[in-house]
Each structure stands twice: as structure tokens, then as C-alpha cells.
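The figures that follow rest on heavy atoms only: side chains count, while hydrogens, waters and symmetry mates do not. Below, read A as the first sequence line, B as the second, and so on, with proteins coming before strands; counting in each chain starts at 1.
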2 protein chains.
Amino acid sequence: MGILVVLSHFRSFSQLYQPMELVEYLSKIPLFNGLPKEQLVDLAQITVTLDRDKGQVIFSEGDEGTGFYLVLQGRIKVYKLSPGGKEQTLHIFGSGEPFGEVPVFAGKHFPANAEALEKSKVLFFPRASLIKLIEKNPSLALNMLAILARRLREFTVQIEHLSLKEVPSRLAAYLLYLSDREGGSLEVKLDITKGQLASLLGTIPETLSRIFARMNKQGIIEINGPHIKILSRPALEELVEFGSGL
Amino acid sequence: MGILVVLSHFRSFSQLYQPMELVEYLSKIPLFNGLPKEQLVDLAQITVTLDRDKGQVIFSEGDEGTGFYLVLQGRIKVYKLSPGGKEQTLHIFGSGEPFGEVPVFAGKHFPANAEALEKSKVLFFPRASLIKLIEKNPSLALNMLAILARRLREFTVQIEHLSLKEVPSRLAAYLLYLSDREGGSLEVKLDITKGQLASLLGTIPETLSRIFARMNKQGIIEINGPHIKILSRPALEELVEFGSGL
DNA sequence: GCGGTTCATTGATTTAAGTCAAATACCTTA
DNA sequence: TAAGGTATTTGACTTAAATCAATGAACCGC
């Protein structure tokens, strides 16, 4: 499996950016804030660009992790799979976000799977050179620590939701999150399919669909395909706080 | 709330170890592997030892985090609370383990609560001096990255369990974990109450009790209070893999 | 514009697990 | 050792959500 993955890196190698363009791009990524330009140049040289079509795998649970990744274009879903085939999405990463760092620092195999939700380009950073860089650059170390810490915080919330809240609460929280992300707009658009949203919320499409329908009927929201109008923000907030009532 | 916490640090200040003893102790903690001795001495000087009785709080969700902690003696439970009062334990930390690092690197408030499961002593490390130390010591940075990465991996498993596995699977996994921790012994002893175990597995005591009873009746395990004899390891492994059948 | 695939919705049913309530065992300490 | 609290177990019941099944809608490539 490990060999397969490595081969696939080279099979799909493509120099998306001219070296300097890539350096320019990397310099704007929070993770590399504060890195001296010459090190960015070095870094850019040892990366490999991978192209993935919708549905293609980046890595699978159990694969050996020889480095980590950064999304250049598209979106990458990181998820766990049950024997029965149910998926739990852990995170959906977009442009500029690093993922797959865990095996770089602890253990060596990936704890989850990653695949492209759409045609995507990702950058691969080999482990050894990253470690060397971190040893020389405290700011890089701190940036990486910040990223892992932020992710721990998010997982904390996900665990809380799965264990302590019902699906309507989780959906309400997600809608409020979307709304906040758009500066508080009351009209939001789902940028993932409802099936993917179900997986992100730890449920299945049927259940999600029913809950959308209930919220719609109760006048809390109004749905048109992926377009959702929030009619009562307070109702959503109350749902997040005290689950039931729906 | 923030002020209260800070005050309480000093209220319970106690110099458990003589400075050199403490340095000695710290030098054996994985987190500080590779730190030069003189920096351990500096570090030891700026720590504060806190005493907590069983049930006492170390920090609460939302508190401002001005540093992180290390368990010296006893055990610390880190958990989330639902409005209805149900608890989800995220982790139980024992001697030598650091906890509460998230706000040091990302955000500033704690994402969860921490309290002592028994009479405990914990060491507090102020944020600023830790950051300074990390900036000077790549090995400390990498150790810290390893710890956060390991914890991410664990959370990943917890999310998987909560979303994709039934309670019997989770219990089976926990029993196997205990067994492995004791070098594969088939007789294990719960070192937490069954109520705490329920919270760790994301369920409630009643449910856990019933499942214990079922496994007992089916001859998979044999229970005597906190002592559990594993009669069929394969049965447990199968439960982990494919939930049902119980 | 058509056929096919993927996505979404709805209904009927099952099921795991939570709730409420009460009895029992356990354990500490006065 | 007895009393009071905590932890555990068991029973009857409720419920949220999963499963199974089928239909309908949207979207894509040809």
C-alpha cells in the first residue's frame, strides 16, 4: 500500500505553478507566516503537486504517512469509515488548508481517509524536510502548533455534538456557523451536498432530510434546494442550546 | 471567572518538591526530553503546584487559559457537559501527562472542563515562558507537536466510535485496550468507576450496566465488581469490528 | 432532448439507547 | 457497627434515529 501511494504521487506529478508563483502562494498561507523567503524557496523545491479528480483518494486509513498535504484548489474530505459502509466526515478542507499532519508528528499511519470532493490540486510536503525546517524556525513550529490546537478544539466540539446533542441541534449549529461565516447573512447556501452534510453531522441523508422538512414546516427556515433562508435565528440558537422542542 | 481561577492557583500553592527534585522529575517527562538541564531549572522556577481534592475543578469551559498543566499525582478528568447535565469525558490524564494545552496555542479559552478524580497535584506552566522556551528549543516544539498529534489521533478514534459503533463495540474496544495495557492479561481491573467509564464511552451508567450483564450472560466476560475476566478475546474483537450480534 | 446516474425525499418499521423509578449493594466514617 | 451517601443494577417505558424500500427530482454526457 505504501509503495502504491508513493508511486501515485509521481504518476500524477504536475508543476502547476512556476517556482516563484508557488513561493508567492506559500508566503500567504498562515502556516508559513514568518518564514524567511529563502526557506520558502527551499520548501517549494521539495514539494510535489498532485492532481485528483472528484472521488479520487489522497490517502487511506492505515497508509504510512511520509509527509503532509496542503490544498491548492478544490476541496478534500477527511473521513472515517464503518465496516457497514457508513461514513463520518471529520473535516472538509479548502484552499490553503493543510491536512494529514498527524503521522508527521505521531505514529506513522494515517488515522483516517482523504479524498477529493471535486477536481483538486494538493501539494505534498515530505516529512523529513519539514521537520528540519521546524527545527530551524520557531515561528513555523508555533504556527503548526496553532493549527493542531485549533483542530483539537474543533474535534472537542464534534465529540460534544455527537455525544450530547441531537441531530436537530447539530444542524442548527451548522446553519448558524454558515450564517456567521457569511458575516451574519440570513440567506445561506450549502456548498456541499446534503448527503455530505449528513456525514459531517454524524447522521444519514434520510434523517437529515426529515429534520430539514420539520424545520421548514415550523417556519424556522425556508429551503430551496441548497439555498436556505433563516427565518428565526433565535429558534436555531435555542435548538443548539437545548436540543428538543422541534 | 478568570480572576477566580488565578486566585485559586495561589491559594493552593504548595511547594511539593524541592526545586532539584522537581527538575529531576521534569527531566523524565517525555514532553521535556532533550531540554538542556539549565532550561529545566528555569522552567521549574516558574511553575506553580496546585493541590486538588477529589471533585475539585482545575478549569472550566470558557475560562481563559493562561498556561497549561501537568499531572504530578492523581488523575484528572477532562470533559464536556450538556445543558441537561450529561457528561462526555474526553480524556482521563494520569501522572506525567500534560493537559489543557489548547488555549496556549490557539484561541484563549478552554474548550472543556477539568476536575480531579481523586486527591491530585498538578503543575501549572504559564503560557508566556513556555512559548519563549519553545522558540529556543526545537526539541520541545517537536515533543509538543507529537503530543497534540497523538491526541488528535485519539479524538479521531473517539469520533469514529461515537458515530459509527454501538456501545457494546466501544466497551469491547475499551476492555481490549485495558488488556493490552497490562501486557495482554485476560484479567483486568477497572481503575475508574463504571459511571466514569460510561461517560468515557459516551453513554450512561444504566446502559453500560445492561451491556456488561449481557456480555456476562453470553460468557464473553465474567464480572466481579471492578474485576473483569475476559473469557473470549475473539468475541470481543469481533464486537469491535462488527458491532452487533450481542 | 434523452437516458442514466446520482441525489433527495417520504413512508413504514425496527432498534439501540435514553429516561424514569426503584431496589440493592457498597463503602466510608462517625 | 450503623447510618448515610454513592455507585450499581434492574425493570418498564419512551424516543430519536437507523434501516428498508420506493419514488421523485436534479444533473450530466451524449
Sequence-distant partners of Tyr174(B), ring-ring contact (aromatic ring centres under 6.0 Å, His included), two or more places apart:
Tyr177(B)
Residues that Arg210(A) engages under salt bridge (charged side-chain N to carboxylate O under 4.0 Å, His left out), provided they are two or more places apart
none
Euclidean distance, atom CD1 of residue Ile204(A) to atom C1' of dA16(D) [Å, nearest integer]:
11 Å
According to ring-ring contact (aromatic ring centres under 6.0 Å, His included), who are the partners of Phe110(A), at least two apart in sequence or on a separate chain?
Phe59(A)
Identify, with sequence neighbours excluded, every residue that meets ring-ring contact (aromatic ring centres under 6.0 Å, His included) alongside Phe155(A).
none
Sequence neighbours excluded, the answer for side-chain hydrogen bond (donor to acceptor under 3.5 Å, both in side chains) partners of Arg170(A) is none
Heavy-atom closest pair (His161(B) atom, Ala173(B) atom, distance to 0.1 Å) is CE1-CB, 3.9 Å
Using a heavy-atom cut-off of under 4.0 Å over every strand shown, decide if Gly55(B) touches base, sugar-phosphate, or nothing.
nothing
Interatomic distance, Glu166(B) CD vs dT19(D) P [rounded to whole Å]:
9 Å
Every protein N/O within reach of nucleotides 22-26 of chain C N/O, cut-off under 3.5 Å:
none

With a 4.5 Å heavy-atom cut-off, do Tyr25(A) and Ile29(A) have their side chains touching?
yes
With B for base contact, S for sugar-phosphate-only contact and - for none (protein heavy atoms under 4.0 Å), nucleotides 7-14 of chain D reads -SBBBB--
Over how many whole Å does the gap from Asp53(A) atom CG to dG29(D) atom C1' extend?
15 Å
Just the rounded figure in Å: distance from P of dT28(C) to CD of Glu118(B).
13 Å
Rounded to whole Å, the NZ-C1' distance (Lys217(A) to dT9(C)) equals 13 Å
Name all residues meeting the side-chain hydrogen bond (donor to acceptor under 3.5 Å, both in side chains) criterion together with Arg233(A); count only those two or more places apart in sequence or in a different chain, and write none if there are none.
Ser179(A), Asp180(A), Glu237(A)
What side-chain donor-acceptor pairs closer than 3.5 Å can you find for residues 193-204 of chain B, not counting sequence neighbours?
unit_1: Thr193(B); atom_1: OG1; unit_2: Gly195(B); atom_2: N; d: 3.4
unit_1: Thr193(B); atom_1: OG1; unit_2: Gln196(B); atom_2: N; d: 3.0
unit_1: Lys194(B); atom_1: NZ; unit_2: Gly225(B); atom_2: O; d: 3.1
unit_1: Gln196(B); atom_1: OE1; unit_2: Thr193(B); atom_2: N; d: 3.1
unit_1: Ser199(B); atom_1: OG; unit_2: Glu87(B); atom_2: O; d: 3.2
unit_1: Ser199(B); atom_1: OG; unit_2: Thr89(B); atom_2: N; d: 3.0
unit_1: Ser199(B); atom_1: OG; unit_2: Thr89(B); atom_2: OG1; d: 2.6

Rounded to whole Å, please give me the gap between NE2 in His161(A) and P in dA17(D).
13 Å
For Lys86(B) and dT15(D), give me the distance from atom NZ to atom P, rounded to whole Å.
17 Å
Taking side-chain hydrogen bond (donor to acceptor under 3.5 Å, both in side chains) as the test, write out the residues that go with Gln88(A), two or more places apart.
Ser163(B)
For the pair made of CZ in Arg214(A) and P in dT15(D), what is the distance, rounded to whole Å?
13 Å
So for the helix from dG1(C)-dC30(D) to dA30(C)-dT1(D), with five pairs setting each end axis, what is the inter-axis angle to 10°?
50°
Considering residues at least two apart in sequence or located in another chain, which fulfil the ring-ring contact (aromatic ring centres under 6.0 Å, His included) criterion with Phe68(B)?
Phe125(B)
